[in-house]
Asker: 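First the structure, then my questions, so here it is.
Along the sequence shown, residues carry numbers from 1.
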Amino acid sequence: WLRRLFSIIIFSNISLLRKNSFSLYPSTNKPTLAALCLILAGFILLATAVMMNGILNDGERVDGVTVKYNDVMNEMGIQLDQDEEIDESFVRNILRIGMIWELVCAILSFAGGALLATRQNYNLVLVGCAAAIIGLGGLLLSTLLGALALYLTFQSKPEFGINDQDESW
């Protein structure tokens, strides 16, 4: 009778495992791909911030950027007076603001990618996607990756436990 009891217990545990082995929400690899896109966008934004810091700390490059901006303004037909010309302090301020902007966008993109990989906090994932989109990474590659991540995140909404609600009135 002991052997029969053990076989009943084992059989019932196996049947319980089979019953509980279904997933509550359909699982795809879209959130994982979106997370990789966000993390890659974060690295691109971080590299852009580092390059801006390198330009900011090199006096010759700042001078070159200042001259180039003034040449571009003249080529576009925008006439600037001598006191209105773009100077080094203006270029340094723009580079500082841009560097901080890129760092904040990179941090939000990394956070969104981490949350997306673990399928947690859908709203902060959307913030991370938006940060990757509005960041100005090299050749706007971070914008494209952020848009792709946003598209994949919208498609994987049920995996976050959010059901599409009927909004018909």
Asker: Distance from Glu88 atom CD to Asn93 atom CG, nearest 0.5 Å?
Answerer: 12.0 Å

Asker: Is Thr66 close to Val62 at the side-chain level, that is, under 4.5 Å between some pair of heavy atoms?
Answerer: yes

Asker: Quick one: does Thr143's side chain have a donor or acceptor within less than 3.5 Å of a partner on Gly135's backbone?
Answerer: yes

Asker: Under 4.5 Å between side-chain heavy atoms, hopping through other hydrophobics if needed: is there a path connecting Leu116 to Leu33?
Answerer: no

Asker: How about Ile78: does its CD1 atom have over 12 heavy atoms from other parts shown lying under 6.0 Å from it?
Answerer: yes

Asker: May I ask you to decide if Leu136's main-chain N or O and Glu102's side chain share a donor-acceptor pair within less than 3.5 Å?
Answerer: yes

Asker: For the ring pair Phe110 and Phe43, is the centre-to-centre distance below 6.0 Å?
Answerer: yes

Asker: Taking it one step at a time, do Phe154 and Leu126 satisfy side chain to side chain contact (heavy atoms under 4.5 Å, CB included)?
Answerer: CA-CA 9 Å; Phe154 281 151; Leu126 294 180; 3.8 Å; yes

Asker: Do any N or O atoms from the side chain of Thr153 and from the backbone of Ala149 form a donor-acceptor pair under 3.5 angstrom?
Answerer: yes

Asker: What I'd like to find out is whether the side chain of Leu144 reaches to under 4.5 Å of the side chain of Leu148, using heavy atoms alone.
Answerer: no

Asker: To check you understand the geometry: which heavy-atom pair defines the closest contact between Ala106 and Gly42, and what is its length?
Answerer: CB-O, 3.6 Å

Asker: Hydrophobic clustering (ILVMFWY, side-chain heavy atoms < 4.5 Å, transitive) - are Leu115 and Leu36 grouped together?
Answerer: no

Asker: Would a distance-only check, ignoring hydrogens and angles, find a side-chain to backbone donor-acceptor pair under 3.5 Å from Asn74 to Asn70?
Answerer: yes

Asker: Flag yes if Ile55 and Val72 sit in one hydrophobic cluster, no otherwise; membership is Ile, Leu, Val, Met, Phe, Trp, Tyr, and two members link when side-chain heavy atoms are under 4.5 Å apart.
Answerer: yes

Asker: Tell me the closest heavy-atom pair linking Leu45 and Ser109, and the distance in Å.
Answerer: CD1-CB, 4.5 Å

Asker: Cluster question for you: counting only ILVMFWY and a side-chain heavy-atom cut-off of under 4.5 Å, with indirect links fine, are Met76 and Phe90 together?
Answerer: yes

Asker: When you measure from the side chain of Asn53 to the backbone of Ala49, do you find a donor-acceptor pair of N or O atoms at a distance under 3.5 Å?
Answerer: no

Asker: With a 4.5 Å limit on heavy-atom distance, are the side chains of Leu152 and Leu150 in contact?
Answerer: no

Asker: Using modelled atom types only, decide if a donor and an acceptor are shared between the side chain of Arg92 and the backbone of Leu56 within a distance under 3.5 Å.
Answerer: yes

Asker: Are Trp101 and Leu145 connected in the hydrophobic side-chain network, where two residues link if heavy atoms are under 4.5 Å apart?
Answerer: no

Asker: Step through the shown structure and confirm whether more than 12 heavy atoms of other residues, nucleotides or ligands are within 6.0 Å of OH on Tyr122.
Answerer: yes

Asker: Please find the pair of heavy atoms, one from Leu38 and one from Gly128, that lie closest to each other, and give the distance.
Answerer: CD2-O, 3.7 Å

Asker: Quick one: do Leu46 and Met51 satisfy side chain to side chain contact (heavy atoms under 4.5 Å, CB included)? Show the steps, please.
Answerer: CA-CA 9 Å; Leu46 188 62; Met51 288 188 329; over 6 Å; no

Asker: Check whether any side-chain heavy atom of Cys105 sits under 4.5 Å from a side-chain heavy atom of Ile134, and report yes or no.
Answerer: yes

Asker: Taking all atoms of both residues into account, what is the closest heavy-atom pair of Glu159 and Arg119, and its distance?
Answerer: OE1-NE, 2.9 Å

Asker: Is there a donor-acceptor pair under 3.5 Å between the side chain of Ser142 and the backbone N or O of Gly138?
Answerer: no

